[in-house]
Structures are given as C-alpha cells and as structure tokens.
Novice: 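Take a look at this one; I'll ask things after.
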Amino acid sequence: MRPEVYANRRRQVMSMAGQDAIVILPSAPLRIRSRDTAYPFRQSSDFFYLTGYTEPEAVLVLVPGRDQGEILLFCRDRDPEKERWDGPRAGIDGAREQFGMDDAFPIDDIDEILPSLLGDRTRVFHTLGQDPDFDQRLIQWVNQVRSHVPRSGTNPGEFISLDHHLHELRLFKNRDEIQAVARSAKLAATAHLRAMRACRPGMMEYELAAELLHEFHRANALPAYEPIVGSGANACIMHYITNADRIGSDDLVLIDAGAELEGYASDITRTFPASGRFTGEQRAIYEIVLAAQTAAIEIIRPGAAWDAPHEAAAQTITEGLCDLGLLHGDPHECYAEEDYREFFPHKTGHWLGLDVHDVGDYRVDGHSRELEKGMVFTVEPGVYIPPDADVDERWRGIGVRIEDDIAVTAEGCRNLSSDVPRTVDDIERWMAA
Ligand code: GLY
Ligand code: MN
Ligand code: MN
C-alpha cells in the first residue's frame with residue numbers, strides 16, 4: 001500500500017480516540033518453534049494495518065494533538081552486528097523516512113519515555129489480553145504515572161479496547177485492498193488449478209499439498225492457513241490438516257487452500273473426483289452444494305443482511321437433501337428445525353482480509369448487520385456425510401465444500417476467485433485436459 005494509506009488510517013484512529021487519549025499498539029512477538037529456532041515472524045494484522053512495518057520488537061504510539069509529534073514508533077535500532085546475522089532493519093531513521101512516523105525511538109528506551117507520554121492523557125486505547133507480558137509493562141507505566149500525579153491532575157484512568165473501532169475500519173476495504181485480496185485469490189486459484197490437474201489416484205494427500213505450496217512460494221507468498229487436502233471421508237473432517245492418506249481411485253478430494261500475498265489472505269475450496277469423473281452419488285451431492293453457493297452469492301448486495309446468504313444456502317441444502325432422502329419430512333419444517341446441521345454444521349462464510357477469518361462484527365445491536373460496499377467475505381457451503389452416518393451406505397464418506405471470495409460492490413458483488421472451475425462439467429474438463 002502507498003504510505004498515505006497508512007497515514008490516513010492512523011488519522012482515522014486518532015480522530016476516533018480523541019485529544020485526551022493515547023493509543024498503544026505493540027507488534028507481534030517473535031515465537032520460538034524449537035529451542036533457539038523461531039517461527040517465521042508474522043506481523044500482527046492490526047499493527048501492519050496501521051504501519052506497513054514488518055519487523056518485531058516495535059510499539060506504535062499515537063498521541064493526538066501532541067505538539068512535538070503525534071505518530072511515534074518505538075523500534076529496533078540499527079545494529080551492524082545483529083543485521084549481519086538476521087538481515088537489515090529500518091532503524092530509527094527508516095521509521096521516520098520510510099514509514100512516515102513523526103518521531104521514532106529505540107525500543108530499549110520505552111520504559112524511560114512512555115510514562116512521560118501517558119502523563120497528560122486520561123484514556124488509554126490498548127487491547128489487553130493479546131500479549132500478557134506487554135500488558136504487565138503497560139500497567140507498570142500507568143502506575144508509575146499515577147503515583148507521581150497529584151490527585152487533582154490528569155492521569156490515565158480509563159482503559160479502552162482498541163479492537164472495536166480499529167476492526168470496524170478494517171472491515172471496509174478500499175479499492176487497493178480489494179485488489180490485494182483479488183491478487184491473493186488469483187494466486188490461490190493458480191494453485192488449485194495446478195493441484196486439480198496433478199491429482200492421480202494413488203497419490204498421497206501431501207503430494208497435492210506440495211503442488212499448492214509450489215505455487216504460493218514461487219510467488220513469494222505463504223499459505224494463509226494450513227492447506228486442507230482431504231480425500232474420501234477425510235473431506236468430512238472440517239479442520240483436517242494431516243494430509244497424509246493415500247488418495248483412492250473413487251475418492252473425492254476436498255482442497256481448502258488460500259494464499260497470503262502482500263499481507264492479504266484468500267480462502268478457496270474446491271472438491272473434485274480423483275479419477276477426473278464424478279460418480280452419480282458424488283455428483284448429486286456436489287450439485288446441491290453448488291446450487292446452495294449460487295443461491296447465496298445471488299443474494300449478496302448492499303443492504304442485504306449478513307445472514308441472508310447463509311439462510312439461502314441452508315434452505316437449498318435442506319431441499320436437496322430432502323429430495324435425495326437424506327433428510328426426512330417437509331423441507332420447510334426440516335429447515336425450521338435446522339435438521340441440515342447434521343450434514344452442514346458450519347456457517348456459510350466469514351470476513352476476509354489481512355486475516356483469513358478477518359475482523360469485524362457480524363451482528364449490530366443484536367441483529368445481523370447489513371452488507372455494505374467494500375466488505376469482503378467467503379461463501380462456503382458444504383455437505384459432509386460422515387462414514388458412520390445413519391444413511392444408505394452409498395452416501396457415506398462423501399464430503400463436499402465449495403468456497404469463493406466475494407467482494408460487495410455498489411450494485412451487487414464480485415467473485416474474486418472465479419478462476420477455478422466450479423461446475424461439474426468445467427471441473428471434469430479441466431482435469432481431462
Ligand atoms: N480455511 C478456513 C475456512 O474456510 O474458514
Ligand atoms: Mn477455507
Ligand atoms: Mn473460509
């Protein structure tokens with residue numbers, strides 16, 4: 001994103017916080033994987049959203065109205081010896097020049113400087129509970145200030161979570177962000193196409209996962225989450241990430257994989273037959289899920305309720321399962337009783353952005369919120385018939401999900417992940433080529 005984008009976001013947070021406030025946001029911590037080996041560092045999405053800065057050991061402090069500078073970053077100083085091992089750092093000058101900070105200080109000086117910034121502020125915007133070590137330090141700084149201020153003076157008395165306001169901002173994507181999610185989805189689509197075409201009965205699930213990772217890494221992207229490659233009944237395990245079974249010749253394969261590119265996630269699921277041809281039963285279930293997804297997407301436009309696509313999908317699935325005799329009784333009653341949940345136990349989607357399950361409220365004042373232009377979310381109905389389900393044997397072990405990434409536009413919506421075939425014919429054609 002252009003530097004003005006981050007500057008604009010910080011301004012919005014400051015105007016929401018007000019002149020008597022201070023906003024304090026630490027970067028993500030480095031996490032140890034094994035002894036002295038760390039996991040690859042991933043910046044906290046909130047921190048990235050307001051800075052674009054991707055180093056650890058940093059704290060963003062916004063002090064609205066402060067004469068000597070409102071936008072401050074505590075960060076790692078340059079250190080030639082450490083940089084020789086771990087790579088270059090932006091340092092103090094970089095924080096000002098590349099990241100648009102009004103001022104920057106070495107992170108090691110934070111104990112000395114931060115209490116003085118808290119001094120004349122009454123409200124502290126900070127989200128407690130994400131980094132208990134940092135919370136502890138912040139409470140110490142606040143106590144230090146309180147103990148030095150006479151009872152009549154100002155001091156930071158009120159803690160307010162930053163989450164709500166910041167996450168409302170993050171929920172609405174501007175054009176640049178929608179394009180970023182679209183690029184991420186385009187890349188994930190390439191990975192799905194590659195894996196679908198590479199699939200052969202007898203392969204291991206992890207071999208298909210490797211096809212996905214190949215496309216992500218060669219584009220300097222990461223998977224946004226552990227890819228799911230579930231063959232046969234593994235497709236019925238919602239969070240299956242073991243990916244270690246052999247793919248059978250009559251299996252469906254469910255792949256749920258998305259990229260994280262330039263910070264933005266995509267999240268796509270396709271289900272296809274390992275052999276390249278759906279069986280009658282597989283096709284019947286697939287068509288129901290496809291019809292459910294189509295019905296859900298058709299409803300999406302500004303002003304529609306967040307719940308409406310889920311309701312459309314659940315109704316379509318209920319009718320389809322009643323037709324096949326997998327649910328019994330009147331479809332309206334089955335829907336009202338939520339009988340479909342036996343085979344469709346999850347919701348139809350979630351916000352998508354910097355996080356794959358992105359932030360933002362789904363309900364406002366107890367009601368499903370209205371969709372608005374700039375919201376981006378997944379539409380991912382599924383039908384899963386576990387191997388021990390009390391149904392005719394021919395249906396057992398079939399699991400199908402179809403998931404696309406949808407942006408709400410002024411007139412309706414746009415499918416950002418439509419490059420991967422969705423219909424039975426298009427899938428069979430792609431696999432045969
Ligand atoms: N891949 C996680 C999800 O579909 O929500
Ligand atoms: Mn998914
Ligand atoms: Mn999803």
Side-chain angles (χ1 to χ4, degrees), residues 42 45 170-171 173 178 180-182 184-196 205-206 208-209 211-213 215-216 221-231 234-243 252-261 263-272 286 289-290 292-294 296-297 300 306-307 309-310 312-314 317 341 343-360 362 371 375-384 399-408 413-422:
R42 184 188 184 279
S45 298
R170 279 181 54 191
L171 174 58
K173 278 79 178 169
I178 291 177
V181 180
S184 177
K186 216 165 183 48
L187 174 61
T190 314
H192 277 265
L193 286 167
R194 181 187 176 98
M196 221 183 251
E205 293 165 342
Y206 50 72
L208 283 190
E211 299 291 333
L212 303 164
L213 296 177
E215 289 295 332
F216 294 160
L222 293 168
Y225 50 92
E226 281 303 310
I228 295 170
V229 182
S231 61
N234 292 337
C236 301
I237 304 170
M238 243 52 74
H239 294 158
Y240 179 76
I241 52 169
T242 321
N243 301 346
L252 282 180
V253 182
L254 181 155
I255 294 186
D256 183 343
E260 185 174 284
L261 179 69
Y264 283 83
S266 47
D267 183 4
I268 303 178
T269 306
R270 287 294 183 271
T271 311
F272 55 88
Y286 192 90
V289 178
L290 183 62
Q293 200 209 26
T294 304
I297 293 173
I300 298 169
W306 160 257
D307 280 344
H310 176 67
I317 285 174
R341 289 175 58 119
F343 301 115
F344 174 32
H346 58 76
K347 287 286 188 183
T348 299
H350 51 81
W351 306 131
L352 180 69
L354 290 170
D355 290 303
V356 64
H357 292 175
D358 209 36
V359 292
Y362 292 96
L371 297 178
M375 293 174 169
V376 179
F377 56 93
T378 66
V379 177
E380 48 176 310
V383 167
Y384 317 90
V400 173
R401 177 164 66 255
I402 310 172
E403 174 172 31
D404 281 289
D405 302 340
I406 307 294
V408 183
C413 68
R414 180 176 152 215
N415 184 344
L416 307 178
S417 51
S418 59
D419 288 354
V420 204
R422 235 163 46 100

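Order of listing sets the numbers, starting from 1, for every ligand and every atom in it.
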Novice: Tell me the protein heavy atom at minimum distance from atom 4 (O) of ligand 1, and give that distance in Å.
Specialist: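 Protein heavy atom at minimum distance: Glu380 OE1, 3.0 Å.
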
Novice: Report, rounded to 10°, the angle at the Mn ion (ligand 3) between the two atoms OE2 (Glu380) and NE2 (His350).
Specialist: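 Value, to the nearest 10 degrees: 80°.
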
Novice: Tell me whether Asp256 has at least one N, O or S atom under 2.8 Å from the Mn ion (ligand 3).
Specialist: no

Novice: Just by distance, do the side chain of Ser184 and the backbone of Ala180 share a donor-acceptor pair under 3.5 Å?
Specialist: no

Novice: Shortest non-hydrogen contact from Ile268 to Ala188?
Specialist: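 Taking every non-hydrogen atom into account, CD1-CB, 3.6 Å.
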
Novice: Would you check if the side chain of His192 reaches a backbone N or O of Ala257 as a donor-acceptor pair within less than 3.5 Å?
Specialist: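 Yes, the answer is positive, given that a donor and an acceptor are paired below the 3.5 Å cut-off.
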
Novice: Check whether any N or O atom of Asp256, backbone or side chain, sits under 3.5 Å from an N or O atom of ligand 1, and answer yes or no.
Specialist: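 Yes.
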
Novice: Within the side chain of Tyr362, is there an N or O that forms a donor-acceptor pair under 3.5 Å with the backbone of Trp351?
Specialist: yes

Novice: Which atom name does Glu403 have for its N/O/S atom nearest to the Mn ion (ligand 2)?
Specialist: OE1

Novice: How close do Thr348 and Pro309 get, heavy atom to heavy atom, and via which atoms?
Specialist: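 Smallest interatomic distance, heavy atoms only, reads CG2-O, 4.3 Å.
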
Novice: I need the atoms of ligand 1 closer than 4.0 Å to a non-hydrogen atom of Glu403, numbered in the order shown.
Specialist: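 Listed by number with element: 4 (O).
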
Novice: Show which atoms of ligand 1 fall inside a sub-4.0 Å distance from at least one heavy-atom site of Tyr225.
Specialist: 1 (N)

Novice: I need the nearest protein heavy-atom contact for atom 3 (C) of ligand 1: residue, atom name and distance, please.
Specialist: Asp267 OD2, 3.3 Å

Novice: Are the side chain of Asp405 and the backbone of Asp267 linked by a donor-acceptor contact shorter than 3.5 Å?
Specialist: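 Answer holds: yes.
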
Novice: Starting from the Mn ion (ligand 2), look over the N/O/S atoms of Asp267 and name the nearest one.
Specialist: OD1

Novice: If I take every N, O or S atom of His357, is at least one of them less than 2.8 Å from the Mn ion (ligand 3)?
Specialist: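 No - counting backbone and side chain alike, His357 has no N, O or S atom under 2.8 Å.
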
Novice: Quick one: does Gln293's side chain have a donor or acceptor within less than 3.5 Å of a partner on Val379's backbone?
Specialist: yes

Novice: I'd like to know if Asp404 and Arg270 make a salt bridge, using a cut-off of under 4.0 Å between side-chain N and carboxylate O.
Specialist: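 Answer for the salt bridge query: yes.
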
Novice: For atom 5 (O) of ligand 1, which protein heavy atom lies nearest, and how many Å away is it?
Specialist: His357 NE2, 2.7 Å

Novice: What atoms of ligand 1 come closer than 4.0 angstrom to any heavy atom of His350?
Specialist: 3 (C), 4 (O), 5 (O)

Novice: Under 4.0 Å, heavy atoms only, figure out whether ligand 1 is touched by the backbone of Thr269, its side chain, both or neither.
Specialist: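 Answer for Thr269: neither.
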
Novice: Ignoring hydrogens and geometry, is there a side-chain-to-backbone donor-acceptor pair from Ser231 to Val253 under 3.5 Å?
Specialist: no

